[in-house]
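Treat the numbers as computed from the prediction; the structure is a model and nothing was measured. Residue numbers run from 1 in the order of the sequence given. Atom set for the values below is all heavy atoms of this structure, side chains included, hydrogens, waters and symmetry mates excluded.
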Amino acid sequence: MTAPSANHRHTSWMQQLAEGLDLPVSRYEAADRSYHSFSEWLEREASEFADSRVRVYTQGSFRLGTAIAPVQTDADYDLDIVCEFDWSKHLRTQAELHAALGRELIAYARRYNMQAPTPWNRCWTLNYADEARFHMDVLPCVPDGQRQRYLRESTSMALDHVDMSVSITDKEHPQFHSISIDWSISNPNGYADWFYERMRPVFDARRLQMMLVEAKANVAEIPAFRVRTPLQLAIQIFKRHRDMRFLDQDNAFKPTSVVLTTLSALSYQQEGTVLEAVVAILQRMDTFIESRGQTSWIPNPADPRENLAEAWSTDVRYREAFQEWLEDARTDVRLALESGSQEEFIDAWSPRLGRELVESAVGHTQSGSLITRAFTGAIRKLRDAPHRAPVFWPLSQTGMVVIESAHYVRDGFRSQQFSNDGRVPVGSKLVFTASTNVPSPYEIYWQIINTGAEATRALDLRGRFEDAKTAHGHLVRRETAIYRGTHSVECFIVKQGYCVARSGLFVVNIE
């Protein structure tokens, strides 16, 4: 996948789209104030950690500058922070550290009239007021760079970032309640350093430019969270695309943010625009997935012993979900690059990023895009369904295919015909008959889009392309009206690798 057809408009639209996904600076400033406030709390004279050296820092998307707003408007932002204490593993247990931090969080929450924090296996969650719309996950840990350096050296492993390693608490660890030097390991500072090094030239250049434009004395006056590189913006697009792609499906198998972030950073080669970064990263991303025997392996750049794709070995659906997402993302970008107008660009991205977001990001001021103007209500919902696979064949609509009739049959009743956007009873058998003027040979595909609570609960929204056979010159598709709600059927004719005809949506309301 390359971007030779990309022009200045596509580059500008993609930049605006990425910026539309970014959090406002005020969100980062609020997060910064929150974790500094808790850091000061831990350092007060009455703190259980008053005699310890305490380091509090962020990790995850806020630290990396890749945070995006949740798709659900009522969902909270996640702020992940790390509390590093110089407690000795020879004197204290994981359980003691976990409990001590919990008591401080409980006291902090009581002091500021907040909800009581929630304990988890590794961390505690502090929920802020509803209007703040974020919660803070607080991870306790102790430094462990020296021991991890020794362990890596003993096995001739790379030592990159090893001195920043920490040992974290974990209730599921067999030594959680015992004095032991064997704790779970993490390295959030090492990962963050690696990530920023992957984009260092572009990051430094943009920070310097901001310093000059704003007449600052030095670059340190420009906080890192204000600088945005094409890598960071591309990752934000990928994360929103993933969130929408799995919005109404089983989220358990969707690609994790750390996998998307790591593969994106490995693939980034200092591309200067968001569009160039998105295209190049998607093209290279899967080449950084190693095969070690039967195991897919994505090494943690801050600790090569950790496989970020470990879950893929436990259930093949993790790997399949990533591959499906990657192919859909590649197809969506290609379609966006092929778009000849702002409206077509909006229609290409709306199912994956949300129509309101896309129209706002590219400054759409007309009465609506092509689909918005031509369709309303249920049809628009079906066209913008996140689980609707994009048409991945090149389009060359030289022929025609139409769904010329649709019938439903209930036990004990005669077959009855229904029209597009018609209503059929749940449990009935459906038969769709199409015809085409495309000369054979050709391939026939059907796309079934389900919506509604029943299909969502059953994890049966479908949306992929399903092949079929011709029968006596006609195209016939048989379905069963299982789920109440609004659904659609569409027929595609593919010849020599091109989509030469498509029927358009035939909407079925099941009740």
May I ask you to check whether Phe392 and Phe465 place their ring centers less than 6.0 Å from one another? yes
Between Ser12 and Gln16, does the side-chain hydrogen bond (donor to acceptor under 3.5 Å, both in side chains) criterion hold? Intermediate values first, please. CA-CA 6 Å; Ser12 175; Gln16 294 172 69; 2.8 Å; yes
Would you please say whether a donor-acceptor pair under 3.5 Å links the side chains of Thr451 and Lys381? no
Ignoring hydrogens and geometry beyond distance, is a side-chain donor-acceptor pair present between Glu19 and Gln15 at under 3.5 Å? yes
Check the orientation of Tyr191 and Phe195. Use parallel for under 30°, tilted for 30 to 60°, and perpendicular for over 60°. parallel
So, does Ser350 use its side chain to make a donor-acceptor pair with the main chain of Ile346 at under 3.5 Å? yes
Worked check of side-chain hydrogen bond (donor to acceptor under 3.5 Å, both in side chains) between Trp325 and His241: CA-CA 9 Å; Trp325 169 81; His241 186 283; 3.0 Å; yes
Donor-acceptor check, side chain of His387 to backbone of Arg464, threshold 3.5 angstrom: yes or no? no
Charged N-O contact under 4.0 Å between Arg200 and Glu197: yes
Assess whether a salt bridge exists between Asp332 and Arg245, defined as any Lys/Arg side-chain N lying under 4.0 Å from an Asp/Glu carboxylate O. no
Charged N to carboxylate O under 4.0 angstrom, Glu271 versus Arg284? yes
Side-chain (Arg198) to main-chain (Leu266) donor-acceptor, under 3.5 angstrom: yes
Working to the nearest 0.5 Å, report the span between CG of Leu308 and OG of Ser296. 12.5 Å
On the ring face of Trp349, is Arg352 found with NZ or CZ under 6.0 Å from the centre and within 45° of the axis? no
Could you walk me through whether Thr93 and His98 pass the side-chain hydrogen bond (donor to acceptor under 3.5 Å, both in side chains) check? CA-CA 9 Å; Thr93 67; His98 191 276; over 6 Å; no
Arg242 and Ser257: CA distance, side-chain angles, deciding distance, side-chain hydrogen bond (donor to acceptor under 3.5 Å, both in side chains) verdict: CA-CA 9 Å; Arg242 171 209 58 189; Ser257 293; 3.0 Å; yes
Does the separation of the ring centres of Tyr108 and Tyr112 fall below 6.0 angstrom? yes
What salt bridge (Lys or Arg N to Asp or Glu O under 4.0 Å) pairs are there with at least one residue in residues 49-67, not counting sequence neighbours? Arg55-Glu84
